S.K.: 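Handing you a structure now.
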Number of protein chains: 2
Amino acid sequence: MREYYSITELTREFDISTRTLRFYEDEGLIQPVRRGRTRLFRPTDRHLVKQIMRGKRLGFSINEIREIIQMYKEPPGEVGQLNLMIKRIEEKREDLRQKRRDLEETLAELDHAEEACVERLVELGVTT
Amino acid sequence: MREYYSITELTREFDISTRTLRFYEDEGLIQPVRRGRTRLFRPTDRHLVKQIMRGKRLGFSINEIREIIQMYKEPPGEVGQLNLMIKRIEEKREDLRQKRRDLEETLAELDHAEEACVERLVELGVTT
DNA sequence: CACGGCATTTACGTAAAAGTCAATCGATCA
DNA sequence: TGATCGATTGACTTTTACGTAAATGCCGTG
């Protein structure tokens, strides 16, 4: 496991801009350390970026991603806080389950659409 | 099956504003008919709205949703167009499969986070 | 030491997707 | 007939998530 990644390494790996990484830092999603003024990204920062990109692909906003990231962190020490966190996690999971239903339905409709296209090709006498 | 829905009926059903429905009309995603100036939404418009909301939850942009909706329509009559459409459909499906992987990974991490919370509660001697 | 290349900060810009507000119109109820 | 309710249009505003530009810092190489 590498100790540090440069900002450009991460921009290449995740196909995002430096601006985007600095933006995520401003938003408090990642906390790269500094050597002088230069940012040094540790493996945990890299992993966070990976999680952020996943969240983005799933259509979560920065705020929602921030919430999700909170959940991955060490669980709090107090009972009330723990129960609250469990509740929040359950909510997010329900959210994700809805997305999964949406996803399966969309996939099914696309399957259907593709079949219709293929059938149409057959009608037109195209040798597959 | 109802013949027409009013704009407010649909805003209530989908929990969106009238502004949003008009916006979708401006964007050409739906084409409600008119009685005078009043919009009348047919079942097909309602179904389109349902598909739009699904797309939104999955993080697709309006343009992407527009593309997807195109794919649900009648397949074109020309062979080149049909092959192009099949290619586009396959791309979208790959996109959705990526989302599905993201989704499963996120769900797994949330499961993990919840377990950690529950364990912590046990450590604290909370009777479940 | 000058230079190229990467990095930084600050500041302003922008596209997408609506929200909000004001003025108006038309149908209907009392 | 006047008031009220729902709908419409148009203009302006807002939020999110960065993009872009300008000016400058840091550093290894020849």
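Model, not experiment: these values are computed from the prediction. Below, chain A is the first sequence line, B the second, and so on; all start at residue 1. Reckoned from all heavy atoms, side chains included, excluding hydrogens, waters and symmetry mates.
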S.K.: Within the pair B:Thr38 and C:dG26, is there a side-chain N or O less than 4.0 Å away from OP1 or OP2?
M.R.: no
S.K.: Please report the distance, rounded to the nearest Å, between CG in B:Leu29 and C1' in C:dA16.
M.R.: 13 Å
S.K.: Closest approach to the side chain of A:Lys56, judged atom by atom: which nucleotide of D:dT8, D:dA17, C:dA7 is it?
M.R.: D:dA17
S.K.: Expressed in angstrom and rounded to an integer, what is the separation of A:Leu21 atom CG from D:dC18 atom C1'?
M.R.: 12 Å
S.K.: Which listed nucleotide (C:dA11, C:dA7, C:dA18) is nearest to the side chain of A:Arg22?
M.R.: C:dA7
S.K.: Side chains of B:Glu67 and B:Asn63 only: does a donor on one sit below 3.5 Å from an acceptor on the other?
M.R.: no
S.K.: Taking the side chain from A:Glu9 and the backbone from A:Ser6, do they hold a donor-acceptor pair closer than 3.5 Å?
M.R.: yes
S.K.: Starting at atom CZ of A:Phe23, determine the distance to atom P of D:dT20, rounded to an integer number of angstrom.
M.R.: 15 Å
S.K.: Rounded to the nearest angstrom, tell me the gap between atom CD in A:Glu27 and atom C1' in D:dT16.
M.R.: 9 Å
S.K.: On DNA chain C, check which nucleotide each of A:Arg12 and B:Ile16 is closest to and give me the residue with the more 5' one.
M.R.: A:Arg12
S.K.: Checking A:Arg42 side chain against A:Gln31 main chain: does a donor-acceptor pair fall under 3.5 Å?
M.R.: yes
S.K.: How would you label the contact of A:Thr18 with the nucleic acid (heavy atoms, under 4.0 Å): base, sugar-phosphate, or nothing?
M.R.: nothing
S.K.: Where the side chain of B:Lys92 meets the backbone of B:Ile68, is there a donor-acceptor pair that is under 3.5 Å apart?
M.R.: no
S.K.: Select one nucleotide: of C:dA7, C:dA18, D:dA7, the one nearest the side-chain heavy atoms of B:Ile62.
M.R.: C:dA18
S.K.: D:dT16, D:dT8, C:dG19: which one has an atom nearest the side-chain heavy atoms of B:Arg34?
M.R.: D:dT8
S.K.: I need the CG-P distance between B:Asp26 and C:dA17, as an integer number of Å.
M.R.: 13 Å
S.K.: In whole Å, what is the span from the CD atom of A:Glu9 to the P atom of C:dG5?
M.R.: 19 Å
S.K.: Could you tell me how far apart A:Leu40 (CG) and C:dT8 (C1') are, to the nearest whole angstrom?
M.R.: 13 Å
S.K.: Identify, between A:Arg19 and A:Arg37, the residue whose nearest nucleotide on DNA chain D lies closer to the 5' end.
M.R.: A:Arg19
S.K.: Quick check on C:dA7: is either OP1 or OP2 less than 4.0 Å from any side-chain nitrogen or oxygen of A:Thr8?
M.R.: yes
S.K.: Do the charged groups of B:Arg54 and A:Glu109 touch, with an N to O distance under 4.0 Å?
M.R.: yes
S.K.: Atom CD of B:Glu25 to atom P of C:dA18: distance rounded to whole Å?
M.R.: 15 Å
S.K.: Does A:Arg35 or A:Tyr24 map to a spot on DNA chain D nearer the 5' end, using the closest nucleotide for each?
M.R.: A:Tyr24
S.K.: Using only side-chain N and O atoms of A:Thr20, determine if any of them is under 4.0 Å from OP1 or OP2 of D:dA17.
M.R.: no
S.K.: Side chain of B:Ser6 only, heavy atoms from C-beta on: which candidate in D:dA7, D:dC18, C:dT8 is closest?
M.R.: D:dA7
